[in-house]
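These notes are about the structure you will find just below.
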Amino acid sequence: MSTQIGDLLHAYRQRENISLNELAERTNMSKTALSKIESGETKQPGFSQWKRIASVIKIPSVDVITAYLENTERPATLQLLLSESMSLGSKQLVQRTAQKLLDTPKLDTFHGLDYLLRVANEAEDQSAKLALYDVLIDFTRKRGIPFYLAKGLYERYMLERDDFSRFEETYRRGKELLHYADQLHPPDRLDYYYRMGAHAYILEYYGESVELCGKAISEDGNKDTKQKASALISTGSAYLRLDYPILAEYYLELYEESEYADFRKTHLRALLHAKKGEYAHAVALYKECLQEAKPGSRITIASDLLDVYLDAEQSDAIQDLIAAEHTFLTIDSHPNRIKHAARYYKRKGMCLLSIGQADAGIDCLMQSLRFYRQIGASDKVIGVLGVLFAYHREIESSLSLENMEKIMEVCHN
């Protein structure tokens with residue numbers, strides 16, 4: 001370490017053309033002390049001194065920390081270096097310093113893990129948080145320390161879940177915690193199951209959503225909570241999507257008993273009628289539901305209503321609903337609403353194609369592609385492409401060059 005620091009001091013001092021006398025004056029240190037640091041005679045200069053020297057001769061902060069980090073094993077010094085690394089916003093340096101802190105034989109492993117978790121939880125910079133969680137997860141996974149591994153995975157999932165651009169990847173990473181969920185404190189475990197169940201439902205992994213929501217509902221017991229109510233209706237809806245209408249109705253009835261039940265009970269009831277081909281009942285409930293629901297929640301109801309109109313071949317009703325889309329078409333950055341928008345545009349596109357409005361229909365399918373691509377739903381992108389190709393095969397026409405370019409733009413963006 002001392003040789004590295006000495007070499008840096010000498011190289012940058014020469015570059016800045018500063019003598020030891022001048023450096024001593026500007027750092028308020030003795031020339032003798034500086035000479036000993038530069039020659040390597042001083043084995044471990046104080047970090048505050050080293051920073052003062054570096055600021056005068058303009059050594060980059062990353063190099064200052066890296067040089068000091070090289071051979072030190074003192075926990076207090078490593079903690080200081082970690083704080084310095086985080087203030088610089090260098091993810092690589094944060095990870096390197098955190099790893100050194102966990103590896104030092106002078107600090108009890110569990111004390112080190114505890115410290116790292118606390119620092120990560122208190123950090124304001126999300127990049128630094130993720131860097132620390134990644135180090136902690138990797139360290140505990142390799143050494144078989146399930147309690148801290150579970151804590152790290154949970155905290156990382158909760159943080160990454162808000163990054164909607166990687167929504168599917170976050171879900172897949174979050175599934176690792178299923179192996180260690182029993183290590184979490186009960187409130188965290190319950191929260192994890194509920195959130196993963198909702199996450200799976202948004203991604204349309206209905207079987208996994210049922211399983212995860214089931215774990216949460218079972219663990220929550222007889223309590224009536226908002227999270228539990230949402231899990232009940234998600235489970236009912238998932239069962240219906242999986243073509244289990246009896247189970248869907250069972251969970252719908254449980255949901256209807258909750259004080260937190262809302263328009264979604266009417267929506268699911270309408271879906272059940274539509275599943276049975278009872279279109280008149282379904283349409284009446286969908287219209288009622290559109291009135292009950294808040295604007296941000298209406299788009300999924302409209303998508304399902306379009307399905308009914310398409311199945312019932314009600315062209316006029318399709319056009320009337322599309323004409324009124326300003327009353328329900330709201331889109332923001334939340335992945336669930338992006339997914340609903342993608343689904344709506346797919347249904348709208350299919351309906352427009354069915355009534356002979358080809359150009360408008362294809363434009364809607366392209367918009368659906370963009371939204372599905374935005375949330376990384378690659379299987380849904382393929383599904384929309386399938387609709388496009390099937391339509392062109394049916395009319396015995398080739399896909400236009402313009403539309404092929406649009407598809408390439410979406411898929412490679």
Side-chain angles (χ1 to χ4, degrees), residues 161-168 170-171 195 197-204 206 209 226-227 229-231 233-234 236-238 240-241 255 260-271 274 282-310 317-353 357 360-377 380-381 383-384 387 406 410 413:
R161 195 176 186 273
D162 293 331
D163 182 359
F164 300 149
S165 65
R166 302 169 58 201
F167 203 61
E168 184 158 4
T170 298
Y171 175 73
R195 289 178 183 274
H199 204 151
Y201 185 82
I202 291 171
L203 291 170
E204 299 184 15
Y206 296 123
S209 179
K226 193 171 183 178
Q227 273 190 313
S230 290
I233 195 65
S234 292
S237 298
L240 188 60
R241 305 289 182 188
Y255 176 71
Y260 298 99
D262 56 22
F263 71 92
R264 288 174 290 180
K265 64 179 185 287
T266 309
H267 187 184
L268 185 51
R269 187 68 65 186
L271 282 165
V283 168
L285 287 175
Y286 280 134
K287 289 181 175 179
E288 177 187 330
C289 200
L290 281 171
Q291 296 299 316
E292 291 178 11
K294 294 178 181 178
S297 302
R298 291 174 185 163
I299 190 169
T300 181
I301 302 164
S303 295
D304 290 331
L305 183 51
L306 277 179
D307 271 346
V308 171
Y309 288 151
L310 185 61
I318 287 173
Q319 294 187 73
D320 288 344
L321 184 59
I322 290 173
E325 70 179 18
H326 63 279
T327 64
F328 58 77
L329 184 55
T330 57
I331 306 165
D332 58 31
S333 62
H334 193 283
N336 200 24
R337 284 183 277 278
I338 293 173
K339 183 197 79 170
H340 289 319
R343 184 167 171 265
Y344 170 73
Y345 275 107
K346 180 182 177 183
R347 297 297 189 278
K348 179 183 175 182
M350 293 168 66
C351 286
L352 290 172
L353 292 177
Q357 297 184 25
I362 290 172
D363 284 345
C364 285
L365 292 175
M366 291 296 179
Q367 186 60 54
S368 177
L369 275 177
R370 292 186 188 95
F371 282 131
Y372 277 134
R373 182 70 177 82
Q374 191 174 333
I375 57 174
K380 300 301 177 186
V381 168
V384 176
V387 172
K406 287 180 181 178
V410 170
N413 189 344

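No side-chain heavy atom of R298 sits under 4.5 Å from any side-chain heavy atom of F263. Side-chain contact between R241 and L271: present, with at least one pair of heavy atoms (C-beta onward) separated by less than 4.5 Å. Residues M350 and I318 have side chains not in contact (no heavy-atom distance under 4.5 Å, counting atoms from C-beta outward). The side-chain heavy atoms of F328 and L321, taken from C-beta on, include a pair separated by under 4.5 Å.
Residue A293 comes nearest to I301 through the heavy atom pair CB-CD1, 3.7 Å, listed as atom of the first residue, atom of the second, then distance. Summarising the geometry of H326 relative to A323, their closest heavy-atom pair is ND1-O, 3.6 Å, with the distance given to 0.1 Å. Closest heavy-atom contact between K346 and V384: CD-CG2, 3.9 Å.
With sequence neighbours excluded, the residues that form a side-chain contact (heavy atoms from CB on, under 4.5 Å) with K380 are E204, Y372, A377. Residues meeting the side-chain contact (heavy atoms from CB on, under 4.5 Å) test with K226, sequence neighbours left out: Y260. Residues satisfying the side-chain contact (heavy atoms from CB on, under 4.5 Å) test with D262, not counting sequence neighbours, are Y255, R264. Residues satisfying the side-chain contact (heavy atoms from CB on, under 4.5 Å) test with H199, not counting sequence neighbours, are Y157, R161, F167, T170, Y171, L203.
Here the SG-CD distance, from C351 to Q357, works out to 10.5 Å after rounding to the nearest 0.5 Å. Going from atom CD1 of I362 over to atom CG of L353 covers 6.0 Å, rounded to the nearest 0.5 Å. Rounding to the nearest 0.5 Å places OH of Y309 at 11.0 Å from CD1 of I322. One distance of note links CZ of R337 with CD1 of I299; it measures 10.5 Å at 0.5 Å rounding. We find the CZ-OH distance between R347 and Y344 to be 12.0 Å, quoted to the nearest 0.5 Å. A distance of 6.0 Å separates CG in L268 from CG in L240, rounded to the nearest 0.5 Å.
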> Do L310 and L306 pass the side chain to side chain contact (heavy atoms under 4.5 Å, CB included) test, and can you show the C-alpha distance, the side-chain angles, and the key distance before you say yes or no?
Replying inline: CA-CA 6 Å; L310 185 61; L306 277 179; over 6 Å; no
Report all side-chain donor-acceptor pairs from residues 364-371 shorter than 3.5 Å, counting only partners two or more places apart or in another chain.
residue : atom : partner : partner atom : Å
S368    : OG   : A342    : O            : 2.8

Per-pair distances, 0.1 Å, donor-acceptor, side chain in residues 282-291, under 3.5 Å, sequence neighbours excluded:
none

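Ion pairing between a basic and an acidic side chain is recognised when a charged N comes within 4.0 Å of a carboxylate O; D363 and K348 show no such pairing.
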